[in-house]
S.K.: 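The structure under discussion is supplied below as structure tokens; questions concerning it will follow.
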Amino acid sequence: MKENLKNRIKQLPGNDNPFTTPEGYFDRFSERLMDKVNEESVADTKPKVSILRILRPALIMAASFAAIFFIILIPVHTIAPKLASNNNIKTEMIDLVAYYFINENEIIEALEYEETIEEYNDAALEEYLMASITEFDLVDYKN
Amino acid sequence: MQIESLINRLKQEDTKRLAFHELVKLYQEKLYWHVRKIVISHDDTDDVLQNTFIKVWKNIETFREESGLYTWLFRIATNEALTFLAQKKRRSIFSGSIENDYLIESLVSDDFFDGSEIQLKLQKAILKLPEKQRLVFNMKYFDEMKYEKMSEILKTSVGALKASYHHAVKKIEEQLKQE
């Protein structure tokens, strides 16, 4: 295979370079390249400045919004918990006042009243049933 | 040692410019002929070569010395040349012409092609090869580059490169017999 390749290559035209360049091309190339490098370096620094300039109004606006947000948020966070704790004090005060004006006898009376209502209700229900349902009604219900 | 010193100076801001000038003088011809065989026209080669060196200027800080400066430069130049051709191909496909027609046209119309008729035939036959085979053929046949070096630049195994070269020689031989 190697011999075959060598024979094939021998059949090909010589490997002399058929291409040329303009006269003095390599003498001037480095100089032209350095000019381009300088241009690129300037171009590389320019966009950074312009991007900052473009973004500047947006950044100022964002900073303003952030400032406004914090101006509103800080008082809400500091004053709102105080208001909430004030409400708790108010309800506690109302309870204290209520206990102060109601004496023990009134509380016992109120409890007994609730129990009598319950007893009355059972008796009243029984009486009501005895009075309103006749024997005939019970027979009808059974059938 | 000379190359090591050059790399060190390239990586320092105060010596970078002068060292870069030295680097360009040292490698411009080798890289030019490598790129020229890929993109064919002188003007295109000039563009690709400038882009290659600008990339080197911008990325020298990222260069890792273990790969070798020569290999690194050839790899950048090869990538730049292939990217350039890919863009040209895309445009030529849109304009309805066949792939590689652009390169054959460049060869025929190039004022800086000074080859004989048989050399023109050889170049046309090379241009009909698939891209990778063309690259390998040029690097081996014209530049007489060792497979190991080629393997580092193209990041392809030596075996695959040998096979590519063999296929390329066979196709070129057949192409030349036909004409």
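Per chain, numbering begins at 1; letters A, B, ... match sequence-line order. No experiment lies behind these values; they were computed from the predicted model shown.
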S.K.: Please write out which residues are connected to Met61(A) in a hydrophobic cluster, directly or through intermediates, given that two of Ile, Leu, Val, Met, Phe, Trp, Tyr count as joined at side-chain heavy-atom separations below 4.5 angstrom.
M.R.: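 Result for Met61(A) is Phe65(A).
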S.K.: Just checking Lys11(B): does its NZ atom have more than 12 heavy atoms from other residues, nucleotides or ligands closer to it than 6.0 angstrom?
M.R.: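 It does: Lys11(B) NZ has more than 12 such atoms within range.
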S.K.: So for Leu120(B), is it side chain, backbone, both, or neither that comes closer than 4.5 Å to the heavy atoms of chain A?
M.R.: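 Neither part, no heavy atoms under 4.5 Å.
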S.K.: Tell me whether Val136(B) shares a hydrophobic cluster with Val158(B), the cluster being built from Ile, Leu, Val, Met, Phe, Trp, Tyr side chains joined at under 4.5 Å.
M.R.: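 In one cluster: yes.
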S.K.: With sequence neighbours excluded, give me every salt bridge (charged side-chain N to carboxylate O under 4.0 Å, His left out) pair touching residues 108-118 of chain B.
M.R.: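 For residues 108-118 of chain B: Arg36(B)-Asp110(B).
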S.K.: Do Thr20(A) and Phe113(B) make a side-chain contact, defined as non-hydrogen atoms from C-beta onward lying under 4.5 Å apart?
M.R.: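 Side-chain contact under 4.5 Å: no.
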S.K.: Could you list the residues that satisfy side-chain hydrogen bond (donor to acceptor under 3.5 Å, both in side chains) with His167(B), not counting sequence neighbours?
M.R.: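 Listed in chain order: nothing, the list is empty.
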S.K.: If we define contacts as heavy-atom pairs under 4.5 Å, which of Thr45(B), Asp46(B), Ile54(B), Val24(B) has the most with chain A?
M.R.: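 Of the options given, most contacts go to Asp46(B).
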S.K.: Looking at CG of Leu26(B) and OG of Ser30(A), how far apart are the two atoms once the value is rounded to the nearest 0.5 Å?
M.R.: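 Result: 11.5 Å between the selected atoms.
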S.K.: Contact part of Asp43(B) toward chain A, heavy-atom cut-off under 4.5 Å: side chain, backbone, both or neither?
M.R.: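 Neither part.
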S.K.: Does Leu127(B) share a hydrophobic cluster with Ile118(B), counting links as ILVMFWY side-chain heavy atoms below 4.5 Å and allowing steps through other members?
M.R.: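 Looking at the clustering, Ile118(B) is in a separate group from Leu127(B).
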S.K.: Quick one: sort the Tyr25(A) and Tyr32(B) rings into parallel, tilted or perpendicular, breaks at 30° and 60°.
M.R.: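 Correct class here is tilted.
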S.K.: Give a yes or no on this: more than 12 heavy atoms of other residues, nucleotides or ligands lie within 6.0 Å of atom NZ of Lys16(B).
M.R.: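 Yes, because the 6.0 Å sphere around NZ of Lys16(B) holds more than 12 heavy atoms from other groups.
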S.K.: When only heavy atoms count and the cut-off is under 4.5 Å, which of residues 142-151 of chain B reach chain A?
M.R.: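 Phe142(B), Glu144(B), listed by number.
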S.K.: Do Ile3(B) and Phe74(B) share a hydrophobic cluster (ILVMFWY, side-chain heavy atoms under 4.5 Å, transitive)?
M.R.: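 In one cluster: yes.
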S.K.: What part of Asp16(A) gets closer than 4.5 Å to chain B, counting heavy atoms only: side chain, backbone, both or neither?
M.R.: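 Looking at Asp16(A), backbone and side chain both touch chain B.
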S.K.: Just so I understand: if I count every heavy-atom pair under 4.5 Å between each of Lys37(B), Gln28(B), Lys25(B), Gln119(B) and chain A, which residue has the most?
M.R.: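 Ranked by heavy-atom pairs under 4.5 Å with chain A, first place is Gln28(B).
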S.K.: What's the verdict on side chain to side chain contact (heavy atoms under 4.5 Å, CB included) for Phe19(A) and His42(B), showing C-alpha distance, side-chain angles and the deciding distance?
M.R.: CA-CA 9 Å; Phe19(A) 298 101; His42(B) 165 74; over 6 Å; no
S.K.: Output the option from Phe112(B), Trp57(B), Tyr165(B) having the highest count of non-hydrogen pairs under 4.5 Å with chain A.
M.R.: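 Of the candidates given, the most pairs with chain A belong to Phe112(B).
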S.K.: Would a hydrophobic clustering, with Ile, Leu, Val, Met, Phe, Trp and Tyr connected at side-chain separations under 4.5 Å, put Met34(A) with Phe26(A)?
M.R.: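 Same cluster.
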S.K.: Could you check Val37(A) against His21(B) for side chain to side chain contact (heavy atoms under 4.5 Å, CB included), going step by step and ending with a plain yes or no?
M.R.: CA-CA 11 Å; Val37(A) 165; His21(B) 182 75; over 6 Å; no
S.K.: Rounded at 0.5 Å granularity, tell me how far CZ in Phe53(B) sits from NZ in Lys36(A).
M.R.: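 Here the rounded value is 13.0 Å.
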S.K.: Does a sphere of radius 6.0 Å around CD in Glu61(B) hold more than 12 heavy atoms from other residues, nucleotides or ligands, not counting ones at 6.0 Å or beyond?
M.R.: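 Enclosed.
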